[in-house]
Amino acid sequence: MSPSTRSPDLEVEQLPQLLQAARARYLAGERSPTVVKPLCQALRAILERSIDPNGDSQQRGGYLQRLVEAYFRLFPRCLDGVSRTQLQQQSLHKTVLRLLQIPATVIQDEYNRLNRGHYNGPLKQLVLAFSRPALMQRTPPPTLTEAECFLAFFIQCLRQELGASVLLTPQFRQEYRDLLRTVCLGSADPDHCQSNLIGWLWEAMKSFDPLKPFSASGHGRPTFEAWVRTVVSNKLADEKRKLLKREADELLFYESRALQVFQDRYSASPPEIQREIDPKACISLITIVQTEITDPRIRASTARLRQHIAQLLGWSIEYTRDVHQQVRRILGRYVQSTRSLNICSTDSNQEWIDNYPDARSLPSNSGQGIECMVDFLNDPQTPTWVRDWCERRRTQAEIARELFVSQPTISRCLGREYRLWLYRKFFQDPQIPEWMKRWYDTQSIPSPHQRRQTRREIHPEYARGTCTAKQIDDQIETKLAQWCDRNGIYYLP
């Protein structure tokens, strides 16, 4: 491959200079349209190119034209009264003005995020299609230049601007009223969800590409509705993860046993987790925080806390941040396994964390707790698949719901394993009559004749014919229910 095919496109490479010139004039007080005209023209020229990032020869027209067309196909009522040309011009102009008002440090942070290894691969491929098409399919993708990062950030902001033109119209709420009501009512805090929903969708619009699944026709309504549900689920999960970080920090700050908890949970972590943790550095951080950094004003700010740790230990800020995240990760495993946070992760790379049901996640009229769930899942006689399945589900509420509400086949299978465990615990109690265990064990006798004969030897009333096998089974079941109630174990009929 010749060097020329690898060099970035010259039109793309001039974008940072045009941005800098427009920003200088804007900050100097110039507010006329001529300030942003050169940058708008350059961006329009680039985005109006006919590119083919996904190898779809059926795609016609420039990227910008197809993007606007997709919004009109997906939200025709929301954009009624606006022409395609008008929407293009407005969205380009407003997006450039917004970029001029964003501080340069914030844009640089976005550049750094864009060049993370696994960050938004489709967006990087799109930008490379404009700038260096010969490198589009390279894995991993090459590091983006400053100009390519700016183009990627602009496309994200442009998507948000187009999203705002739809989301803020009354027609959007009318057309998707049932969907918005459903996702809000399905969340743990419907009022909070309802008041923030449009903002969440607007923020997520920077990653919403209506061209990706359905080419120039845009998303279909079902696809968009599924996307909205995913956005809400992810946002609520993000907030739960923020809560988990705070809970882990509270354990770090205020619990003298934090060091022991860290060592216990680290040693219990699978090898792939341990390989990503530096235990010596984490222990140093925990020790220094608990002995040297006790001022609550420093602890109140994560940035100030990390800066203080870096000064005391002679670390860089980047390394301190990484170690602090490792400490949170391990302490979070303990927090999540002992408290009902009901966290559902959307990060496929994040490890599954044990999180078992408790009374807070399962309303119960009898007031029974379900602490017994840990014993059930840790019982060596409980099949491995039960624990593995529950760990994949992760949340206390979900496990409890599958166990105690009969729904699909998996629920019945889990319920059966839980019943087997109940009887195992029941018969381990020395106060339970020995004949009941012998009677229960006759279920495994395959021959009906042999089973009846053994039961006659166990129970004299059954031998005389004064009571049936079902009556005796019911008698044992009643005894089991009473025993569960007495011992605070959740009884599953």
> Parallel, tilted or perpendicular for W439 and W435, by the 30°/60° rule?
Replying inline: perpendicular
> Is there a donor-acceptor pair under 3.5 Å between the side chain of S233 and the backbone N or O of R229?
Replying inline: no
>> Taking I317's backbone N and O only, do any of them form a donor-acceptor pair with R306's side chain (distance below 3.5 Å, no angle check)?
In response: no
> In this structure, which one of L162, L74, V166, T169 forms a side chain to side chain contact (heavy atoms under 4.5 Å, CB included) with L79?
Replying inline: V166
>> If I take atom CZ from residue R438 and atom CD1 from residue I458, how far apart are they, to the nearest 0.5 angstrom?
In response: 4.5 Å
> Is it the case that more than 12 heavy atoms not belonging to R173 sit under 6.0 Å from its CZ atom?
Replying inline: no
> Thinking salt bridges, do E434 and K437 make one under a 4.0 Å N-O criterion?
Replying inline: no
> Are V231 and F208 close enough, and set up right, to give a side-chain contact (heavy atoms from CB on, under 4.5 Å), and what steps lead you there?
Replying inline: CA-CA 10 Å; V231 168; F208 175 67; over 6 Å; no
>> I need the minimum non-hydrogen distance between C184 and Q194, along with the two atoms involved.
In response: SG-CA, 3.5 Å
>> I'd like to know whether R246 forms a salt bridge (charged side-chain N to carboxylate O under 4.0 Å, His left out) with E250, so could you lay out the CA-CA distance, the side-chain angles of the two residues, the decisive distance to 0.1 Å, and finally the verdict.
In response: CA-CA 6 Å; R246 289 198 296 271; E250 286 204 8; over 6 Å; no
> What residue among Q453, R455, E457 forms side chain to side chain contact (heavy atoms under 4.5 Å, CB included) with T442?
Replying inline: R455
> Looking at residues at least two apart in the chain, or sitting in another chain, which of them share a side chain to side chain donor-acceptor pair (under 3.5 Å) with E161?
Replying inline: none
>> Any side-chain to backbone donor/acceptor pair from Q290 onto L252? Under 3.5 Å, distance only.
In response: yes
> Got a sec, which residues hit side chain to side chain donor-acceptor pair (under 3.5 Å) with W202, two or more places apart in sequence or on another chain?
Replying inline: none
>> Test your reading of the model: is there a side-chain donor-acceptor pair from R159 to the backbone of K206, 3.5 Å cut-off?
In response: yes
> If every non-hydrogen atom of I445 is compared with every non-hydrogen atom of T454, which pair is closest and at what distance?
Replying inline: CD1-OG1, 3.7 Å
> Centroid-to-centroid, F153 to Y111, below 6.0 Å?
Replying inline: no
> Considering all heavy atoms of both residues, which atom of V289 and which atom of L305 are nearest to each other, and what is their separation?
Replying inline: CG2-CD1, 4.4 Å
>> Would you say the ring centers of Y491 and W483 fall short of 6.0 Å from each other?
In response: no
>> Give me the atom names and distance for the closest heavy-atom approach of A248 to G332.
In response: CB-N, 4.1 Å
>> Quick test of your reading of the model: are R329 and E276 salt-bridged, counting only N-O distances below 4.0 Å?
In response: yes
> Can you list every pair that meets ring-ring contact (aromatic ring centres under 6.0 Å, His included) and has a residue in residues 281-318, with sequence neighbours left out?
Replying inline: W315-Y319
> Any Lys/Arg nitrogen of R77 or D80 sitting under 4.0 Å from an Asp/Glu carboxylate oxygen of the other?
Replying inline: no
> ring-ring contact (aromatic ring centres under 6.0 Å, His included) between F75 and F224: does it pass, once the steps are laid out?
Replying inline: CA-CA 10 Å; F75 308 106; F224 178 73; 5.0 Å; yes
>> R452: which residues meet the side chain to side chain donor-acceptor pair (under 3.5 Å) condition with it, sequence neighbours left out?
In response: none
> Tell me the salt bridge (charged side-chain N to carboxylate O under 4.0 Å, His left out) pairs involving residues 463-475, sequence neighbours left out?
Replying inline: K470-D474
> Do NZ/NE/NH1/NH2 and the carboxylate oxygens of R66 and E69 come within less than 4.0 Å?
Replying inline: no
> Does the pair D249/K245 count as a salt bridge with the N-to-O cut at 4.0 Å?
Replying inline: no
> Yes or no on salt bridge (charged side-chain N to carboxylate O under 4.0 Å, His left out) for E110 and R113, after CA distance, side-chain angles and deciding distance?
Replying inline: CA-CA 5 Å; E110 291 295 329; R113 183 177 293 108; 2.8 Å; yes
> Looking at E247 and R328, does any basic side-chain N land under 4.0 Å from a carboxylate oxygen?
Replying inline: no
>> I'd like to check the salt bridge (Lys or Arg N to Asp or Glu O under 4.0 Å) partners of E461; sequence neighbours left out, ordered by chain and number.
In response: none
